[in-house]
Amino acid sequence: MDKIIIEHLSLQYSDGTESLRDVSLGIREKAVTVLFGPAGGGKSTLLRCLNRLNDLTEVKTSAGRILIDGENILDPKTDVIALRRKVGMVFARPVVLPLSIRGNLTYGLELAGEKRKSKLDEAVERSLKLAALWDEVKERLDDPAIALSGGQQQRLCLARSLALQPEIILLDEPTSGLDPISTGKVEAALQELKKEYTIVLVPHSVQQAGRTADYAAFFLQGELVEYGEGKAMFTSPKEKRTEDYVTGRFG
Amino acid sequence: MKRLFTLNRHLTERLGFSLITLMAVLTVVPIIGTVIYILAQGGHAISWEFLSGFPHDGMRAGGILPAIIGTFYLTIGTAIFSVPLGIAAAIYLSEYAADNRWTRLIRISIINLAGIPSVVYGLFGLGLFVLFLRFGTSILAASLTLSIMTLPVIISTSEEALRAVPQSFRTVSISLGATRWQTIRRIVLKEALPGILTGVILGLERAAGETAPILFTGAAFFLPRLPHSPLDATMALPYHLFVISTQVPNMPIQIQYGTALVLLVFVLTMNVIATVIRSRARARRQW
Amino acid sequence: MEKTLNWREYIITRLIKASGYSAIIFVLLIFFFLLREGVPALAEVPLSALFSVRWYPIEGDNFGILPLLTGSLIVTLGAAIIAIPFGIGTAVYISEIAPRWMREILKPLVELLGGLPSVVLGFLGILVLAPFLRRFLDLPTGLTAFTGSLLLGGIAVPTVVSVAEDALDAVPRAYREGAWALGATRWQTIWRVTLPAARSGVLTAVMLGIGRAIGETMTVMMVTGNAPVLALSLSSLFSPVRTMTATIAAEMGEVSNGSTHYHVLFFIGMVLFLISLGVNIAASSVVFRAKKRAERILS
């Protein structure tokens with residue numbers, strides 16, 4: 001079933017650069033959907049539309065609809081705060097907030113009004129276990145988060161989104177700054193997570209796209225070129241442009 | 001020929017560097033000299049009686065307590081008005097304002113506020129607070145006048161401190177379901193606090209040392225008692241120093257230097273605190 | 001819960017926005033009150049009398065502000081001659097020559113000078129500088145425009161240093177490295193590359209320093225002798241003068257509200273306000289222009 005349905009989405013930034021052109025796409029529930037393609041193709045822009053983070057940037061025009069569970073989230077009347085709790089996000093560079101490890105994890109919940117310590121502790125443990133970080137940090141939850149290594153920080157960021165019990169997780173090149181071992185841990189965590197969550201991933205390489213994708217969408221200069229099942233896309237793409245990119249002829 | 005040229009080049013450089021260094025030395029030495037001179041000359045005047053007593057014999061004897069307390073009140077009064085307003089204005093400029101004509105107008109206004117002569121602030125305070133709003137010559141009128149004068153310092157240093165907080169913190173906080181204000185309060189303000197504090201103290205330091213803005217808005221030549229309410233006039237250290245060094249004949253020089261010393265220590269302490277906060281925050285910062 | 005959150009957010013945002021705009025309101029308020037109290041002077045004193053050379057407001061209603069204008073100008077000019085070279089020199093030293101530890105000491109020290117109360121400098125001017133100058137230059141009195149200029153120069157220096165140093169600091173390191181790579185000495189780099197690249201910021205520094213000097217009140221009131229004499233030649237530099245700021249500070253306490261004298265003092269305040277407005281708008285437009293140019297080049 002499609003969790004997210006994108007209909008004829010177009011978007012242009014105030015500085016004149018067009019970022020998305022008439023994109024229509026359905027994103028499956030409880031699966032990893034990969035958005036890939038060369039830089040500047042509009043993948044990150046699309047990702048940032050899904051939790052309305054683009055509200056922070058100067059957008060000139062936008063058209064189309066994005067339906068999550070049947071509701072158009074681009075509607076001005078949407079409760080964006082609730083939306084962002086439902087749609088978690090992990091960024092390319094691990095940005096831990098200047099708080100303790102625990103403080104990072106409980107930040108969103110406290111904002112949502114959760115004050116009970118037992119609930120908060122439960123959320124900390126559950127999300128850290130899901131992000132495969134619990135064993136490494138359980139002894140030092142009150143240390144500053146900045147003291148963690150890069151790979152640990154990124155998994156903390158993932159755990160931080162999970163603590164809010166979202167339904168959808170957006171990941172924007174989450175492993176671009178990590179070594180192969182840390183990358184492997186994050187990818188493994190994603191394979192576990194997809195049993196419960198809808199995951200939209202912008203990978204940092206075609207190889208990663210191939211390793212993780214259940215479904216894949218190929219973007220080129222703001223246009224959705226091809227969409228299909230992951231395996232098929234990377235072995236026998238229908239479009240010439242997709243094939244050229246996947247086989248490394250450009251990009 | 002070529003060697004001569006090279007020699008020449010390096011000679012010029014040596015001479016030039018010496019000249020510039022000399023200028024820097026000539027700028028800095030009088031500052032240190034001034035401070036040390038006043039500390040040395042005024043040191044003899046300092047006693048418990050001088051700090052805790054009232055002036056008598058036409059201010060030619062006794063202490064300066066009412067002036068010390070007065071400056072303290074004025075500084076607090078200035079802080080009450082200028083700190084919240086200044087920080088809020090800085091938050092607006094750094095977190096909310098779009099880059100448009102109105103924002104530029106605000107910035108030009110702040111630059112102009114910073115440049116308006118202090119005595120003109122005094123006139124303004126007289127016109128608006130003392131006469132028009134009928135606060136009279138009072139601590140309230142003087143504090144309000146000093147607040148507006150202090151505002152540009154607080155705004156510009158606080159804005160700088162807020163802008164230094166990485167943008168990514170804001171994005172992450174918003175993505176976790178925080179509103180803009182929650183993000184500012186929980187993350188941005190907390191990180192910018194040392195910088196804001198430095199700016200606030202530097203602004204108040206200037207207010208504490210000013211004379212011209214309080215001349216006609218709140219300063220009293222002599223008061224036999226401490227002020228009771230914000231609507232009373234008050235003595236103040238800088239004005240008192242002005243009075244006893246120009247208006248009172250046969251003033252004992254000890255008392256003059258002693259008063260200058262107390263004012264200097266008041267101001268220097270604030271300055272040192274601000275400098276220490278800033279350098280410690282820089283050393284501790286992790287981004 | 002969500003509702004109250006929205007309301008709080010809304011009110012706080014409004015308050016913050018209002019605070020942001022308060023700066024504009026204050027400038028307008030200041031101008032309005034100066035106009036309100038100062039413009040009646042134009043009705044009460046004929047323009048020719050206002051711009052005459054005699055200022056004796058107590059006996060004989062002579063409200064000629066020319067001596068005060070020239071007094072302010074000559075003291076400021078003297079201060080500029082001192083503050084510009086020393087200010088820029090110190091800024092160059094701090095930003096280009098000084099080792100790091102030296103910079104860490106010098107910057108707070110210069111900032112300290114900016115924080116010294118002007119009344120303390122005036123006090124030392126009376127007790128130390130003026131007697132010294134009188135003996136050294138063999139003058140009838142040490143309380144002269146020159147004494148004021150020396151101290152005002154000191155007061156303007158921190159402004160010049162901090163703005164000029166920011167400007168020098170903002171010159172990209174690549175410019176300097178490029179010059180060194182071409183074989184320029186550090187001295188040549190400073191003169192031919194760094195300073196020219198920072199010139200708009202340095203110009204702003206000079207203007208703001210001058211603005212600071214024109215507006216200074218207590219120091220000049222205490223050390224310039226306060227004689228309202230037309231100052232037209234260089235020799236006036238070594239005789240007593242009286243500035244606009246000092247006149248307001250010295251006389252406002254003694255006039256009755258609403259009198260002609262009172263209105264004229266506000267009129268002088270208005271002139272001072274307009275001068276500082278002019279200086280600051282000019283200074284900031286230099287910065288904005290330079291920034292626009294930089295943006296054009298970079299884009």
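In what follows, chains carry the letters A, B, and so on, assigned in the order in which the sequence lines appear, proteins first and then strands, with residues in each chain numbered from 1.
Expressed to the nearest 0.5 Å, how far CG of A:Leu99 lies from CD of B:Glu191 amounts to 8.0 Å. Summarising the geometry, atom OG belonging to B:Ser175 is positioned 9.0 Å from atom CG belonging to A:Leu164; distances are rounded to the nearest 0.5 Å. Rounded to the nearest 0.5 angstrom, A:Asp55 CG and B:Arg180 CZ are separated by 9.5 Å.
B:Thr171 has its side chain within reach of A:Arg48: a pair of non-hydrogen atoms, C-beta onward, lies under 4.5 Å apart. Counting heavy atoms from C-beta on, the side chains of A:Arg160 and B:Leu176 come closer than 4.5 Å.
In the displayed structure, A:Glu196 atom CD is contacted under 6.0 Å by at most 12 heavy atoms of other residues, nucleotides or ligands. For A:Lys119, the NZ atom is loosely surrounded, since the number of other residues' heavy atoms within 6.0 Å does not exceed 12. For B:Tyr96, the OH atom counts as densely surrounded, since its 6.0 Å shell holds more than 12 non-hydrogen atoms of other residues, nucleotides or ligands. Counted within 6.0 Å of CZ on B:Arg185, heavy atoms from surrounding residues, nucleotides or ligands total more than 12; the atom is thus considered enclosed. Other residues, nucleotides and ligands contribute over 12 non-hydrogen atoms within 6.0 Å of the CD atom of A:Gln191.
When all heavy atoms are compared, the tightest approach of B:Thr183 to A:Tyr107 is CA-OH, 4.1 Å. Nearest heavy atom pair, residue A:Ile81 against residue B:Ala178, reads CD1-O, 3.9 Å.
Neither the backbone nor the side chain of A:Val80 comes within contact range of chain B, judged by heavy atoms closer than 4.5 Å. Residue B:Arg186 touches chain A through its side chain alone, counting heavy-atom pairs closer than 4.5 Å.
Evaluation of the salt bridge (Lys or Arg N to Asp or Glu O under 4.0 Å) test over residues 89-102 of chain A, restricted to residues two or more places apart or in two chains, returns A:Arg102-A:Asp121, A:Arg102-A:Asp142.
Contacts of A:Phe36 classified as ring-ring contact (aromatic ring centres under 6.0 Å, His included), with partners at least two apart in sequence or in another chain: A:Phe218, A:Phe234.
Between chain B and the residues A:Met89, A:Arg84, A:Lys86, the largest count of heavy-atom pairs under 4.5 Å involves A:Arg84.
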